[in-house]
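Worth saying up front: this structure is predicted, and the values here are computed from it rather than measured. Below, chains carry the letters A, B, ... as their sequence lines are ordered, and counting in each starts from 1.
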2 protein chains.
Amino acid sequence: MAEHIHADHCNTSMDHIPCDEMLYDLAELYKVFGDSTRVKILCILFEGEMCVQHISEMLSVSQSAVSHQLRILKGARLVKYRRDGKIVYYSLADDHVRKIIGCGIEHISE
Amino acid sequence: MAEHIHADHCNTSMDHIPCDEMLYDLAELYKVFGDSTRVKILCILFEGEMCVQHISEMLSVSQSAVSHQLRILKGARLVKYRRDGKIVYYSLADDHVRKIIGCGIEHISE
DNA sequence: CAAACATATGAATAACTGTTCATATGTTTA
DNA sequence: TAAACATATGAACAGTTATTCATATGTTTG
């Protein structure tokens with residue numbers, strides 16, 4: 001939410017140095033990617049939507065831990081969810097995630 | 001260094017889920033971007049090479065703190081440096097940095 | 001409605017991280 | 001070579017964070 005407010009005041013292109021608030025928000029965003037559990041969750045969601053339990057099993061991470069991390073991913077607007085009965089399905093919010101992770105992989109595997 | 005070893009064993013494209021080691025390395029990379037001081041340093045270096053003292057002044061961050069952060073950026077192969085007398089000039093290692101930060105800004109300002 | 005199930009959440013703890021301070025290393029110049 | 005300067009680095013401390021555990025919320029089914 002706050003990101004939007006800041007972002008509107010700043011330039012999006014890389015022609016000039018982004019303003020301070022934007023750089024702060026940017027760091028906040030990358031912090032979200034800076035945890036292997038969260039990155040793994042995101043990559044699992046590349047395949048399509050998935051429920052919490054399934055994610056938990058695939059990663060061998062407790063349901064609680066996954067849920068906590070999903071909350072953070074939600075907060076960064078990286079994932080969205082829909083409820084179907086008692087099951088909640090999570091999926092990627094948009095294509096930025098794929099792009100950002102793609103950029104990172106490019107750097108590591110250069 | 002280790003990243004290279006892992007990366008070679010994994011797929012770079014996004015067709016399949018990247019392997020565990022790669023996702024771990026990826027999180028490590030994003031962790032580096034996940035600090036506003038470091039992001040600011042990187043953005044300052046968009047303008048070209050710059051010495052430690054100058055960076056320190058521009059950010060109003062102590063010389064020591066900047067130096068510590070530059071070490072981390074160096075470790076992630078995001079910046080390179082050259083020594084000219086007593087002054088050390090830092091600059092971006094390659095264009096990945098610009099790309100990664102560009103992706104991030106795109107997301108925040110959507 | 002009660003029991004079972006799926007998910008979310010608050011508190012606590014252990015591990016990690018960024019800054020500061022003091023000092024070391026390396027380079028120039030007087 | 002001594003002093004001054006630029007940078008690097010180790011230790012310590014404060015603040016942050018990810019997981020666990022216990023439990024709450026919300027949903028279905030018997």
Side-chain angles (χ1 to χ4, degrees), chain A residues 2 20 23-45 48-91 93, chain B residues 2 20 23-45 48-91 93:
Chain A
D20 257 33
L23 292 178
Y24 181 80
D25 292 340
L26 202 56
E28 288 303 304
L29 174 65
Y30 287 123
K31 237 173 246 179
V32 176
F33 285 89
D35 174 79
S36 59
T37 300
R38 284 193 292 267
V39 171
K40 284 177 191 168
I41 290 176
L42 291 174
C43 286
I44 283 181
L45 295 181
E49 66 175 13
M50 192 141 324
C51 70
V52 179
Q53 202 176 41
H54 202 163
I55 296 172
S56 165
E57 285 162 8
M58 288 185 75
L59 298 185
S60 307
V61 170
S62 77
Q63 177 271 319
S64 179
V66 169
S67 199
H68 277 297
Q69 301 303 355
L70 283 170
R71 194 164 59 85
I72 293 171
L73 291 171
K74 228 184 322 180
R77 299 177 300 120
L78 296 175
V79 302
K80 60 188 180 201
Y81 64 99
R82 72 178 176 89
R83 177 151 220 152
D84 185 12
K86 33 185 176 178
I87 296 177
V88 177
Y89 292 97
Y90 281 83
S91 56
Chain B
D20 257 33
L23 292 179
Y24 181 81
D25 291 341
L26 201 56
E28 288 302 304
L29 174 65
Y30 287 122
K31 236 173 248 177
V32 177
F33 285 89
D35 174 78
S36 60
T37 300
R38 284 192 294 265
V39 170
K40 284 177 190 169
I41 291 175
L42 292 174
C43 286
I44 283 182
L45 296 181
E49 67 176 12
M50 189 140 328
C51 71
V52 179
Q53 203 176 39
H54 203 163
I55 296 172
S56 166
E57 285 163 7
M58 289 186 74
L59 298 185
S60 307
V61 170
S62 76
Q63 176 271 317
S64 179
V66 170
S67 199
H68 277 298
Q69 300 303 355
L70 283 169
R71 195 164 57 83
I72 292 172
L73 291 171
K74 228 184 325 180
R77 297 177 301 120
L78 296 175
V79 301
K80 61 188 179 199
Y81 63 99
R82 74 180 175 87
R83 178 151 221 153
D84 183 13
K86 33 184 175 180
I87 296 177
V88 177
Y89 292 97
Y90 281 84
S91 55

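Applying the side-chain hydrogen bond (donor to acceptor under 3.5 Å, both in side chains) test to B:Gln53 and every residue at least two apart in sequence or in another chain returns nothing. For A:Glu49, the side-chain hydrogen bond (donor to acceptor under 3.5 Å, both in side chains) criterion is met by A:Arg82, not counting sequence neighbours.
The distance between atom CZ of A:Arg82 and atom C1' of C:dA6, rounded to the nearest whole Å, is 14 Å. With rounding to whole Å, B:Tyr89 atom OH is found 8 Å from D:dT7 atom P. The CD1-P distance, from A:Ile41 to D:dA18, rounds to 11 Å in whole Å. Nucleotide C:dG18 holds its P atom 13 Å from the CG atom of B:Leu70, rounded to whole Å. Between A:Asp35 atom CG and C:dC16 atom P there is a gap of 13 Å when expressed in whole angstrom units. Here D:dT17 presents its P atom at 16 Å from CD of B:Glu28, a figure rounded to the nearest Å. One can place CD1 of B:Ile55 at 17 Å from C1' of C:dT19, the figure rounded to the nearest angstrom. Between the P atom of D:dT17 and the NZ atom of B:Lys31 lies a distance of 12 Å, rounded to the nearest Å.
OP1 or OP2 of D:dA8 lies within a sub-4.0 Å distance of a side-chain N or O belonging to B:Tyr90. Using a 4.0 Å cut-off, no side-chain N or O of A:Gln53 falls inside it from OP1 or OP2 of C:dC5. Listed pair B:Gln69 / C:dT17 fails the phosphate criterion, with no side-chain N or O lying under 4.0 Å from OP1 or OP2. Considering only side-chain N and O atoms, B:Arg71 lies nowhere under 4.0 angstrom from the phosphate OP1 or OP2 of D:dT7.
Pairs of Watson-Crick or G-U wobble type, with distances under 3.5 Å, assemble into runs of 3 or more in DNA chain C at these ranges: C:1-30 with D:1-30.
Closest heavy-atom contact between A:Ile41 and A:Leu73: CG2-CD1, 3.8 Å. The two atoms that bring A:Val39 and A:Phe33 nearest to each other are CG2-O, 2.9 Å, heavy atoms only. The shortest heavy-atom contact between A:Ile87 and A:Cys51 is CG2-CB, 3.4 Å. In terms of heavy-atom proximity, A:Ser56 sits nearest to A:Ser62 at OG-C, 3.7 Å.
Comparing A:Arg38 and B:His54, the nucleotide of DNA chain D nearest to each residue sits closer to the 5' end for B:His54.
Remark: B:Tyr24 OH to B:Leu29 CG distance equals 13.0 Å, nearest 0.5 Å.
The side chain of B:Ser67 lies closest to D:dT7 when the candidates are C:dA8, C:dT19, D:dT7. If you check D:dA18, C:dA8, C:dG18 against the side chain of A:Ile72, the one that comes closest is D:dA18.
Residue pairs meeting the ring pair (Phe, Tyr, Trp, His ring centres under 6.0 Å) criterion with at least one partner in residues 57-81 of chain A, sequence neighbours excluded, are A:Tyr81-A:Tyr90. The list of salt bridge (charged side-chain N to carboxylate O under 4.0 Å, His left out) pairs with a residue in residues 26-45 of chain B, not counting sequence neighbours, reads A:Asp20-B:Lys40, B:Glu28-B:Lys31.
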- Nucleotide-resolved protein contact map, nucleotides 20-30 of chain D, B/S/- at heavy-atom distance under 4.0 Å: BBB----SS--

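Looking at heavy atoms from C-beta onward, B:Leu23 lies in side-chain contact with B:Leu26 at the 4.5 angstrom threshold.
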